[in-house]
Amino acid sequence: MGAEQVAERFTQLYGTEPEGVWAAPGRVNLIGEHTDYNDGFVMPFALPHQALAAVSRRTDGVLRLHSADIGGGSDGVTELRLDTLAPRSDDNWTAYPAGVVWALREAGHEITGADVHLSSTVPTGAGLSSSAALEVVIALALDDLYGPGLPRRQLARLCQRAENVYVGAPTGIMDQTASACCAQGHALFLDTRDLSQRQIPFDLAAEGLRLLVVDTQVKHAHSGGEYGKRRAGCEQGAALLGVGALRDVPYADLDAALARLGDEEEVVRLVRHVVSENDRVERVVSLLRSGDTRAIGPVLTEGHASLRDDFRVSCPELDLVVDTALTAGALGARMTGGGFGGSAIVLTEAADVDAVTKATEEAFTASGLTPPRVFEALPSPGAHRLT
Ligand code: GLA
């Protein structure tokens, strides 16, 4: 759905034209998983799939929200009074945009209401940040319309607050920053401690390479307990090691750190993943900067093994994608996002795309599973105003 259609639907719903239409993308993460809540490094890029929002201001303290395709969609408009917005009061998709309005107001920005129509092509529950896209598109629209003119990083922080406090999912800052800050043709090398960032050119097509996203369609949910347990375990590891966050353990000191943790086996595995994963991000950055793109494949695969064996957030379907793709000749593969389902990424020679896709589909069918959705990911623009 394009800007014009979203604006037209807005006009049908609310009887006037919207003041504008905005877009914010979903993302895949190339490398750097479960590092963001440890103040570590990540490297996402934006997908062509986006959430679009047509928005107008209101002055009467009312927020009206509508979507025909998010969360099953509905014909009805949800009407909320701004002064009654409260954390954990909503378990529908509307909690994401409402949470952003709540977070902006909590931070002291004067928002007096809005009419909103949203439409999204970011698959939900696929580990591709459909919720961050919803948050960021609303934050950007309201920031433009109400004029605080906040820096993108601050918008991302407000969106994270909406997700952590209002929705109640204890996620890190990667997804919102990716949606707000990514640039076309680039991956975003982000230091989640201070949100400092570098855009790293990532033009796979020019090198005869492709990056496939393979959505297993196994659903995941981050407000569920497992994500929170990993996060708590990492915090316990940092406390035991006497550092502010696991980011503060240099890779060169990993063995010594693990020795200090002794028989805290669970914490040992979490720490080993986070510290080695930060190192993998730095390795990928330097390989890309030196033009050695094919060499990132094995680093991605190493990251998957660490998520599967140490961090334990993979699942049989994700492992099946990775194993099958590698056997079919892919250069590297790993789960992406929080895990427990969702999507994997596969780096492959352009010439091998069909073979890898076919092998994956056949492996799923042979295991009695619904074949995954496979698409090619091109690094796309971050959030922006369309009209
Ligand atoms: C989810 C969270 C992110 C990040 C990833 C794992 O996508 O929203 O903040 O923690 O999982 O890297």
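If you're wondering where the values come from, they're calculated on a predicted model, not measured in any experiment. Quick note: residue numbers are just sequence positions, from 1. When a ligand or atom number is given, it counts from 1 through the structure's own listing order.
Between T35 and ligand 1, not a single N/O pair is under 3.5 Å apart. In terms of polar-atom proximity, defined here as any N/O pair under 3.5 Å, N29 makes no such contact with ligand 1. Distances between N or O atoms of G172 and those of ligand 1 include at least one value under 3.5 Å.
Ligand 1 has at least one atom lying under 4.0 Å from a heavy atom of R27.
Those atoms of ligand 1 that come under 4.0 Å of a heavy atom in M174, given as number and element, are 4 (C), 5 (C), 12 (O). Near Y37, meaning under 4.0 Å from any of its heavy atoms, are these atoms of ligand 1: 10 (O). Annotation for ligand 1: atoms under 4.0 Å from non-hydrogen atoms of T171 are 2 (C), 8 (O), 9 (O).
Smallest separation of non-hydrogen atoms from D191 and R247: OD1-NH1, 2.8 Å. The heavy-atom pair separating Q176 from V136 by the smallest distance is O-CG2, 3.6 Å.
Considering only non-hydrogen atoms, atom 8 (O) of ligand 1 lies nearest to D175 out of D175, V313, I173, N38. Of the candidates D36, N164, T177, it is D36 that places a heavy atom closest to atom 9 (O) of ligand 1.
Contact annotation for Q160 and ligand 1: no heavy atom of the residue comes within less than 4.0 Å of the ligand.
Legend: ring-ring contact (aromatic ring centres under 6.0 Å, His included) pairs involving residues 356-387, not counting sequence neighbours, sorted by first then second residue: H49-F375.
In this structure P371 satisfies the side chain to side chain contact (heavy atoms under 4.5 Å, CB included) test together with E361, T365, sequence neighbours excluded.
In this structure, R283 pairs ionically with E302, as a charged nitrogen and a carboxylate oxygen lie closer than 4.0 Å.
Residue Q12 qualifies as enclosed at atom CD: its count of foreign heavy atoms under 6.0 Å is above 12.
Between F10 and H66, the gap from one ring centroid to the other reaches at least 6.0 Å.
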